[in-house]
Amino acid sequence: MTWLFMAIGVALVVGAALAYAGLWRSWSTHVHPTLVFAWLFGGFAIFGFAFFGAVVDTSAGLVGVVVALLAFVATLVFVALFLFGTPRWFIPRWYRSEGGR
């Protein structure tokens with residue numbers, strides 16, 4: 001089951017990274033940027049906690065703990081972006097130049 005969550009986390013990170021890089025722009029006329037860019041951190045958090053669950057009982061457990069701590073920080077950033085919105089400096093230049101919100 002942890003592999004499923006790791007795959008979901010990777011998919012969210014890839015989708016958000018493509019949107020941030022400007023390679024996937026069709027969403028920009030329909031969705032607020034917070035709903036897209038925050039998932040970069042949310043995907044990493046999901047992946048990180050699943051990775052921790054997969055390696056906690058192995059010799060790589062310390063690496064899992066470090067990844068889990070980074071995932072916790074990503075979770076805090078994810079929640080902050082949804083609560084307070086995406087700061088202007090975090091929105092990519094291509095979105096701002098197209099007259100985004």
Side-chain angles (χ1 to χ4, degrees):
M1 187 62 126
T2 57
W3 301 107
L4 174 65
F5 284 109
M6 289 172 78
I8 291 170
V10 168
L12 290 172
V13 168
V14 168
L18 288 173
Y20 195 85
L23 299 174
W24 175 41
R25 296 184 182 194
S26 62
W27 61 269
S28 63
T29 58
H30 307 291
V31 180
H32 194 273
T34 297
L35 295 176
V36 177
F37 300 139
W39 284 106
L40 184 67
F41 297 99
F44 179 74
I46 292 169
F47 176 84
F49 288 128
F51 180 82
F52 172 72
V55 301
V56 70
D57 292 335
T58 66
S59 60
L62 183 60
V63 174
V65 170
V66 171
V67 171
L69 289 174
L70 292 173
F72 180 72
V73 171
T75 302
L76 294 177
V77 172
F78 175 73
V79 170
L81 287 174
F82 271 106
L83 287 177
F84 305 115
T86 306
R88 186 159 177 79
W89 57 266
F90 186 68
I91 297 174
R93 183 176 298 149
W94 70 264
Y95 186 82
R96 289 191 307 251
S97 66
E98 285 186 358
R101 299 176 202 164

Restricting to non-hydrogen atoms, name the atom on [X] and the atom on [Y] that form the minimum distance, rounded to 0.1 Å.
| X | Y | result |
| --- | --- | --- |
| A16 | W39 | CB-C, 4.0 Å |
| A71 | G48 | CB-CA, 3.8 Å |
| A19 | W94 | O-CZ2, 3.0 Å |

For this session: Could you give me the CA-CA distance, side-chain angles and deciding distance for F82 and L35, then say whether side-chain contact (heavy atoms from CB on, under 4.5 Å) is met?
Result: CA-CA 8 Å; F82 271 106; L35 295 176; 3.3 Å; yes
Should [X] and [Y] be counted in the same cluster of Ile, Leu, Val, Met, Phe, Trp and Tyr side chains packed under 4.5 Å apart?
| X | Y | result |
| --- | --- | --- |
| I8 | V67 | yes |
| L69 | L62 | no |
| F44 | V56 | no |
| F5 | V63 | yes |
| L4 | F49 | no |

Exercise. Does anything in residues 4-18 pair up under salt bridge (Lys or Arg N to Asp or Glu O under 4.0 Å), and if so which pairs, sequence neighbours excluded?
Worked result: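 Listed by first then second residue: nothing to list.
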Problem set entry | Pairs flagged by salt bridge (Lys or Arg N to Asp or Glu O under 4.0 Å) wherever residues 15-32 is involved - sequence neighbours left out |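 Matches after skipping sequence neighbours: R25-E98.
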For this session: Evaluate the criterion ring-ring contact (aromatic ring centres under 6.0 Å, His included) for residue pair F41 and F90; output intermediate values, then yes/no.
Result: CA-CA 12 Å; F41 297 99; F90 186 68; 5.7 Å; yes
Exercise. What residues form a ring pair (Phe, Tyr, Trp, His ring centres under 6.0 Å) with F47, not counting sequence neighbours?
Worked result: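 Listed in chain order: nothing, the list is empty.
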Problem set entry | Listed partners of F51 passing ring pair (Phe, Tyr, Trp, His ring centres under 6.0 Å), at least two apart |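 Per chain and number, F51 pairs via ring pair (Phe, Tyr, Trp, His ring centres under 6.0 Å) with no residue.
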Exercise. Side chains of L12 and I46: does their closest heavy-atom pair fall under 4.5 Å?
Worked result: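 Yes - at least one pair of side-chain heavy atoms lies under 4.5 Å apart.
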Exercise. Can you tell me how far CZ of F52 sits from CG of L70, rounded to the nearest 0.5 angstrom?
Worked result: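 That separation rounds to 12.5 Å.
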Exercise. Rounded to the nearest 0.5 Å, how far apart are OH of Y95 and CZ of R88?
Worked result: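 Output value for this atom pair is 10.0 Å.
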Problem set entry | Where at least one partner belongs to residues 3-24, residue pairs that pass side-chain hydrogen bond (donor to acceptor under 3.5 Å, both in side chains), sequence neighbours excluded |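 Pairs touching residues 3-24 that pass the test: W24-S26.
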For this session: Answer yes or no: does atom CZ of F72 have more than 12 heavy-atom neighbours from other residues, nucleotides or ligands under 6.0 Å?
Result: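 Not buried by this count: 12 neighbours or fewer within 6.0 Å.
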For this session: Would you mind telling me which of V14, V13, L81 makes a side-chain contact (heavy atoms from CB on, under 4.5 Å) with L40?
Result: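 The side-chain contact (heavy atoms from CB on, under 4.5 Å) with L40 is passed solely by V13 among V14, V13, L81.
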For this session: Output all residues satisfying side-chain hydrogen bond (donor to acceptor under 3.5 Å, both in side chains) with T75, sequence neighbours left out; order by chain, then residue number.
Result: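 With sequence neighbours excluded, T75 shows a side-chain hydrogen bond (donor to acceptor under 3.5 Å, both in side chains) to no residue whatsoever.
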